[in-house]
Every structure is written in C-alpha cells, then in structure tokens.
A.B. asks: 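Handing you a structure now.
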Amino acid sequence: MITQATGDASALVAPVAQTNAVEILRNDTVLSASLWINVALAGLAILLFVYMGRNVETPRARLIWVSTLLVPLVSLASYTALLSGLTVGTLEMPAGHALAGQEVFSPWGRYLTWTFSTPMILLALGLLAGTDTAKLFTAITMDVGMCVTGLAAALVTQSYLLRWVFFGISSAFFVAVLYVLLVEWPDDAARAGTAEIFGTLKLLTVVLWLGYPILWALGIEGFALIDAAVTSWGYSALDILAKYVFAFLLLRWVAGNEDTVASAPDGATASAVADD
C-alpha cells in the first residue's frame, strides 16, 4: 500500500508542474500573446511560401524551397504545442540564481523548434551557396549540438554553475556555425554567383542569431534581468525576423533567379576546378 501510494505521488510531480505552467500561460495575456503571434504568422507564411514556390521546377531550387517551407511548418507545430501546455513547465531555480528557490515558467519547447527549424535554414543557405556536403554537414550538426546543449542549460536545476557550463558548450557549437557562415560559405557563394543575396541573408542570420544567447543571458534562464513575458516576446521577435523575413527574402530571390541557382556548381567540384 505504502509503495503504491509513493509511486502514485511521484507520478503526479510532472503533471503538477505542467498544470502550473499552463495556468501561468493562461493568466498572463502578454506572455501568451507572444506565442499566438508566431502561430498566426507561421500560418500566413506557409500559405505565402507555397504560393511563391508554385512555379519552381529545378531540383536545387525546389530543395531550397522545401527546406525553407519547413521552417514555418515546424514553428506552427511547435508554438501550438507551447500554447497547449505540452512543451512548457515550471522549474525551481538553483542556489546562486537571482530567483533561487522560486518556480519559474519554462517554455522549453522553443528549443525543439530551433533544433528542427534552424538546420533547415542552414540547409537552404548552404544550397544557395553551392557548398559541398562536408561543410553542410558540419554546419548542420554543429547547429543541432548548439540547440540540444542550450536545452540542457535551460533545464538544469541542481547547479547554477552547470547551467552556465552548458551555455558555454552551446556557445562553442555556435562559434563553429558562425565560422562556416562567415568564412567558408562566402567563397562558395562567390563561385556559385549567389554572393550578393547570400551576403544579405548571411548578415541577417548572424546578427539575429547572436541575439538568442544574449537574450538567454539577460532573461529568466540566465541573470533574470528581464521577466518571462519580455523574454518570450524577445524570442518571438527574433524568430519572426530570422525565420519568416529571412525565408521570404530567400524565396523571392530564388523564384526570380532560378537559372542561377540551378547552374550553381557543387562546392567540392568548384574547389577542385579552382585548384587545377
């Protein structure tokens, strides 16, 4: 009897934490609005991108279009999960944190959004630059590592120091992604004839993606200098610009320059030719 009761009680811990998070979400209009805006814009973006890609025919251009379309599709599913309470919870902050001992709202599902959507952004950029498979694989795997260790940093509650250790590891992965974007791919894009649009999208991506770790550090998960609602709006604003605006600019260019995209050489082939 005692064993059964203990088991039943422990089974209630996760649902209770989830229930508290759902109540916070429902009672905080500003916080919930930061999620609803992304659901609405993701839906509109899907319809717009389907229309923009309706006449795209060449394989490389279609692959860019599909990978870009997946970005709002993933966001729509993820933000809906956040609003439903499926991927939110509350966490007790560890000693040393500004809110030590307090239960704080944790929309940890955002990290799932980034884990599945940001690799699609990099895939589209890599294809646009005509890069080789090794560089593309490096960028995508480093990006996934960045998102997963970022999730660990957000969920660790037994040690404040360990949160920052995981944050540092995530930042190291991010540096690898930045290296590929800023050093490796611009040369590939120049050979592919897509340097101008790649430069614009690269700058947009780098500047906006730098905003995420800064917001993490300032927000409820880091130093807690800004509250959960403001942090959530910050992430949502970055998502809107880094995903939907980015995708619109990319697809508009691809649709109007499909011949250039189709004739872009593979990075490995182009490098071999240059060496000869």
A.B. asks: Determine whether I220 and F105 make a side-chain contact, defined as any pair of heavy atoms from C-beta on separated by less than 4.5 Å.
C.D. replies: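 No. Closest side-chain heavy atoms not under 4.5 Å.
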
A.B. asks: Would a distance-only check, ignoring hydrogens and angles, find a side-chain to backbone donor-acceptor pair under 3.5 Å from H97 to F223?
C.D. replies: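 A pair under 3.5 Å: no.
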
A.B. asks: To the nearest 0.5 Å, what is the distance between OG1 (T231) and CG (L225)?
C.D. replies: 9.5 Å

A.B. asks: With under 30° as parallel and over 60° as perpendicular, where do the rings of W216 and W164 fit, or are they tilted in between?
C.D. replies: perpendicular

A.B. asks: Within the side chain of T118, is there an N or O that forms a donor-acceptor pair under 3.5 Å with the backbone of T115?
C.D. replies: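 Side chain of T118 to backbone of T115, a donor-acceptor pair under 3.5 Å: no, none is there.
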
A.B. asks: Against the six-membered ring of Y160, is R163 placed for a cation-pi contact (under 6.0 Å from the centre, within 45° of the normal)?
C.D. replies: no

A.B. asks: Can you get from L136 to L63 by hopping between Ile, Leu, Val, Met, Phe, Trp and Tyr side chains that sit under 4.5 Å apart?
C.D. replies: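 As far as the 4.5 Å side-chain criterion goes, L63 and L136 are connected within one cluster.
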
A.B. asks: Hey, are W114 and D239 close enough side-chain-wise for a donor-acceptor pair under 3.5 Å?
C.D. replies: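 A donor-acceptor contact under 3.5 Å links the two side chains.
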
A.B. asks: Do L181 and L122 touch side chain to side chain, with heavy atoms closer than 4.5 Å?
C.D. replies: yes

A.B. asks: If you measure from CD on E184 to OG1 on T138, what distance do you get to the nearest 0.5 Å?
C.D. replies: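 Rounded to the nearest 0.5 Å, the CD-OG1 separation comes out at 8.5 Å.
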
A.B. asks: Determine whether a donor-acceptor pair (N or O, by modelled atom type, separation under 3.5 Å) exists between the side chain of R252 and the backbone of L249.
C.D. replies: no

A.B. asks: Does some side-chain heavy atom of T87 sit less than 4.5 Å from a side-chain heavy atom of Y111?
C.D. replies: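 They are not in contact (no side-chain heavy atoms under 4.5 Å apart), so the answer is no.
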
A.B. asks: If two hydrophobic side chains count as joined below 4.5 Å and joins carry through other members, does V207 share a cluster with L201?
C.D. replies: no

A.B. asks: Given L35 and L25, is the side-chain contact (heavy atoms from CB on, under 4.5 Å) satisfied, shown in steps?
C.D. replies: CA-CA 10 Å; L35 305 180; L25 194 56; 3.7 Å; yes

A.B. asks: Are any of the side-chain heavy atoms of F116 and S78 separated by less than 4.5 Å?
C.D. replies: no

A.B. asks: Assess whether side-chain contact (heavy atoms from CB on, under 4.5 Å) is satisfied between D143 and F173, documenting all intermediate values.
C.D. replies: CA-CA 7 Å; D143 177 72; F173 279 118; over 6 Å; no

A.B. asks: Quick one: does any side-chain atom of R191 pair with a main-chain N or O of G130 as donor and acceptor, under 3.5 Å?
C.D. replies: no

A.B. asks: Show the numbers, then the answer: is there a side-chain contact (heavy atoms from CB on, under 4.5 Å) between L73 and M120?
C.D. replies: CA-CA 11 Å; L73 285 169; M120 295 300 101; over 6 Å; no

A.B. asks: Would L83 and I240 show up in the same hydrophobic cluster when neighbours are defined by side-chain heavy atoms closer than 4.5 Å?
C.D. replies: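 No; I240 is not reachable from L83 via cluster members.
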
A.B. asks: For the atom pair CG (D132) and CG (D188), what is the distance rounded to the nearest 0.5 Å?
C.D. replies: 6.5 Å

A.B. asks: If the plane angle is over 60° it's perpendicular, under 30° parallel, otherwise tilted; pick one for Y212 and Y235.
C.D. replies: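 Y212 vs Y235 ring planes: parallel.
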
A.B. asks: With a 4.5 Å limit on heavy-atom distance, are the side chains of S106 and M93 in contact?
C.D. replies: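 With C-beta onward as the side chain, the pair stays apart.
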
A.B. asks: Going only through I, L, V, M, F, W and Y residues with side-chain contacts under 4.5 Å, is there a path from L215 to V245?
C.D. replies: yes

A.B. asks: Membership question, hydrophobic clusters at under 4.5 Å side-chain separation (ILVMFWY): are I214 and L203 in the same one?
C.D. replies: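 Different hydrophobic clusters.
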
A.B. asks: So, do V104 and T90 sit near enough that their side-chain heavy atoms are less than 4.5 Å apart?
C.D. replies: no

A.B. asks: Counting only N and O atoms by type, is there a donor-acceptor contact under 3.5 Å from the side chain of T194 to the main-chain atoms of L128?
C.D. replies: yes

A.B. asks: Is there a side-chain contact between K202 and L125 in this structure, where contact means two heavy atoms from C-beta onward sitting under 4.5 Å apart?
C.D. replies: no

A.B. asks: Nearest 0.5 Å please: distance from the CG atom of L123 over to the CD1 atom of I140.
C.D. replies: 5.0 Å

A.B. asks: Might you point out which heavy atoms bring I226 and G219 nearest each other, and give the distance in Å?
C.D. replies: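 Nearest pair, atom of I226 first, then G219: CG1-CA, 3.6 Å.
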
A.B. asks: Considering all heavy atoms of both residues, which atom of T149 and which atom of F166 are nearest to each other, and what is their separation?
C.D. replies: O-CB, 3.7 Å

A.B. asks: On a heavy-atom basis, which atom in V56 and which in R62 lie closest, and how many Å separate them?
C.D. replies: O-NH1, 2.9 Å

A.B. asks: Between the main-chain N or O of F49 and the side-chain N or O of W65, is there a donor-acceptor pair closer than 3.5 Å?
C.D. replies: yes

A.B. asks: Ignoring hydrogens and angles, tell me if any N or O in the side chain of S232 forms a donor-acceptor pair with the backbone of A228 under 3.5 Å.
C.D. replies: no

A.B. asks: Which pair of heavy atoms, one from L76 and one from V39, lies closest together, and at what distance?
C.D. replies: CD1-O, 3.6 Å

A.B. asks: I would like to know whether L31 and D227 meet side-chain contact (heavy atoms from CB on, under 4.5 Å); could you show each step before the answer?
C.D. replies: CA-CA 10 Å; L31 178 60; D227 64 24; over 6 Å; no

A.B. asks: Is the shortest side-chain heavy-atom distance between F167 and E221 below 4.5 Å?
C.D. replies: no

A.B. asks: So, does N27 use its side chain to make a donor-acceptor pair with the main chain of E23 at under 3.5 Å?
C.D. replies: yes

A.B. asks: Near N257 CG, under 6.0 Å, is it more than 12 heavy atoms from other residues, nucleotides or ligands?
C.D. replies: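 Yes.
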
A.B. asks: Is a side-chain donor or acceptor of S236 paired with a backbone partner of W233 at a separation under 3.5 angstrom?
C.D. replies: no

A.B. asks: What is the minimum heavy-atom distance between A61 and V254, and which atoms define it?
C.D. replies: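 Distance-wise, the nearest heavy atoms are CB-CG1, 3.9 Å.
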
A.B. asks: Rounded to the nearest 0.5 Å, how far does CE of M142 lie from OG of S170?
C.D. replies: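 S170 atom OG to M142 atom CE measures 12.0 Å (nearest 0.5 Å).
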
A.B. asks: Just verifying a value: how many Å separate E196 CD and T260 OG1, rounded to the nearest 0.5 Å?
C.D. replies: 11.0 Å

A.B. asks: Check P119 against V144 and note the closest heavy-atom contact, atom names and distance.
C.D. replies: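 Here P119 and V144 meet closest at CG-CG2, 3.9 Å.
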
